[in-house]
2 protein chains.
Amino acid sequence: MDDRRSAARRDGERRAAREGQPVPPATVGRLPGYLRALEVTASEGAVLTSSDELAARAGVTPAQLRKDLSFLGSYGRRGIGYDVGHLREQITVVLGLADVRRVLLVGVGNLGHALANYAGIADRGFVLVGLLDVDPAVVGTTVAGLEVEHADDLRAVVRRTGATIGVLTTPAAVAQGVCDELVAAGVVGILTFAPGALRVPAHVDVRTVDVASELQILAFHDRARSVGGGAS
Amino acid sequence: MDDRRSAARRDGERRAAREGQPVPPATVGRLPGYLRALEVTASEGAVLTSSDELAARAGVTPAQLRKDLSFLGSYGRRGIGYDVGHLREQITVVLGLADVRRVLLVGVGNLGHALANYAGIADRGFVLVGLLDVDPAVVGTTVAGLEVEHADDLRAVVRRTGATIGVLTTPAAVAQGVCDELVAAGVVGILTFAPGALRVPAHVDVRTVDVASELQILAFHDRARSVGGGAS
DNA sequence: TAGATTGTTAATCGATTAACAATC
DNA sequence: TAGATTGTTAATCGATTAACAATC
């Protein structure tokens, strides 16, 4: 459609990636894995890496890795490989981790408690800014350095903290209700551990982690193995 | 390829589904959601349901739902809908939940502790049969009614309990090692909460739940929203 | 220059969607 | 019979794979 010349091409592609949508969902889903693989590589002191090495670390094929990275705008050098630090930085920017994201957690039961203390959150570009629950035995206690507030104050807490991401570890029965409140308060991303589909407006992104579902999927393959049986 | 006649067709399709592979992975991944939606429907006392209703509950389109169910062999009646109890049973069988699956959990830290007490495991066709850790402060204590054993005894515990599925909630640094031991002991399905790809032989199935990755994917969309900005 | 390794293209594969004939 | 709703087909879409020309 647009008739640019050779010199501008590479920059144009990078710009497109930076400004935009065109990174396919499947690719986005793999970027965190690449980032982690790069961190491991960096921790070993390597400055350069190859699609072969990085793909092996991330558990994908080299072709897949190169294709994925091409959507971000091509940060490697032919014949040489990828600069570990630079690529790491680029993926960090694309994933939106250059700015710290503020996270709110609702439901400080067993699982919520464990997640609040989970290093993976704080270490990877997120800050936990609030904890909410309805249980009077929990509200007011300190968990992971934060005082648990009452879920009735959800709206005020979102406003005060500027949280944009909510983690839902409530019982399934109240998940949709809390979800609605989070959305009304302005949260745009929700990670839920409650089973069952959540209804949200189009501008809100939901990711569901359902432990029981995961086990059931494993059970399917376990069964298929015994039923299909024996030799190939 | 095979030239069967009309009468045998329906049964043939059911047989194919029962005996086999041909359920696509994407469909398998949605079956637990359908099962849950059916359970909610059943709990409301309904005997019949439709693809419209069930799909809405599961958060998919009716076309998607019907297509998925067609891989299991067609258990609905045109003009009528699906029998809730019957469909529930069929999905249960296909997912391999007719038999109880024995689950072993390695890594009884914060998260492992929470999962051991998680009702979603016991309620949904699984039994937790063993808990393992290396921390002397944890080994020997009782969690969720089980005595935590030392991870050095992993092999013996798998043999004794007949566990086929392992849940990995160890630090990332030791995950691959524990994974190898689980596989060597005969476990065929692994659900890991440690970040990073696990290498396993082809006959073993791995599902990874990575909380940090999920948050990073949410961060991508959060960023895309602010960068892409304003009006559509 | 020769060898290495990317970025991109084209081919394949699988998943989703829409529409409708079959059938209750 | 008329209305409802499935199961299946065909069309579309997106993701993966393989191969290779570009280029360091």
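Chain identifiers are assigned alphabetically (A, B, ...) following the order of the sequence lines, protein sequences preceding nucleic acid strands; residue numbering begins at 1 within each chain.
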Handout entry: Among C:dG7, C:dA19, C:dA22, the nucleotide that comes nearest once only the side chain of B:Arg66 is considered
Key = C:dA19

Problem - DNA chain D: 5'-proximal contact among A:Ile80 and B:Ile80 (nearest heavy atom) - result: B:Ile80

Handout entry: Whole-Å gap separating P (D:dA22) and CZ (A:Arg78)
Key = 9 Å

Handout entry: Length of the line joining A:Asp52:CG and C:dT5:P, which is rounded to integer Å
Key = 7 Å

Exercise for the section: Please state whether the phosphate of D:dG7, meaning OP1 or OP2, lies under 4.0 angstrom from any side-chain nitrogen or oxygen of B:Tyr82. Expected result: yes

Completion exercise
Separation of C:dT5 atom P from A:Asp83 atom CG, nearest Å, is 16 Å

Problem - D:dT17 OP1/OP2 closer than 4.0 Å to side-chain N/O of A:Gln64 - result: yes

Fill in the blank from the handout: Any strand, both distances under 3.5 Å, Watson-Crick or G-U wobble: C:dC13 pairs with D:dG14

Fill in the blank from the handout: Note: for A:Arg30 and A:Arg77 on DNA chain D, the residue whose nearest nucleotide lies more 5' is A:Arg30

Practice task
Would you kindly give the CG-to-C1' distance between A:Leu69 and D:dT16, to the nearest whole Å?
Solution key: 15 Å

Problem - Minimum-distance nucleotide (side-chain atoms of B:Ser70 versus D:dT6, D:dG7, D:dA15) - result: D:dG7

Handout entry: Nearest-angstrom distance from the residue atom CG of B:Leu65 to C1' of D:dG7
Key = 12 Å

Handout entry: Side chains of B:Tyr34 and B:Asp68, donor plus acceptor under 3.5 Å
Key = yes

Fill in the blank from the handout: Correct closest heavy-atom pair for B:Ala212 and A:Gly120 would be CB-O, 3.8 Å

Problem - Side-chain N,O (B:Tyr75) to OP1/OP2 (D:dT5) below 4.0 Å - result: no

Practice task
Would you please confirm or rule out a distance under 4.0 Å between OP1 or OP2 of C:dT6 and any side-chain N or O of A:Ser51?
Solution key: yes

Exercise for the section: Quick one: label A:Pro25 by what it contacts on the DNA or RNA (base, sugar-phosphate, nothing), any heavy atom closer than 4.0 Å. Expected result: sugar-phosphate

Problem - Integer-rounded Å distance: D:dG7 C1' and B:Leu72 CG - result: 13 Å

Handout entry: Among D:dG7, D:dT6, C:dT17, the nucleotide that comes nearest once only the side chain of B:Lys67 is considered
Key = C:dT17

Completion exercise
Re C:dC24: Watson-Crick or G-U wobble partner, both distances kept under 3.5 Å, found to be D:dG3

Completion exercise
Between CG of B:Asp68 and P of C:dT17 the distance, given in whole Å, is 11 Å

Exercise for the section: Quick one: pull up CG in A:Leu97 and CD in A:Glu89 and give me the separation to the nearest 0.5 Å. Expected result: 12.5 Å

Handout entry: Short N-O contact, A:Arg124 and A:Glu39, less than 4.0 angstrom
Key = yes

Practice task
Using distance alone, with no hydrogens and no angle criterion, decide if A:Thr164 and A:Arg101 have a side-chain donor and acceptor under 3.5 Å apart.
Solution key: no

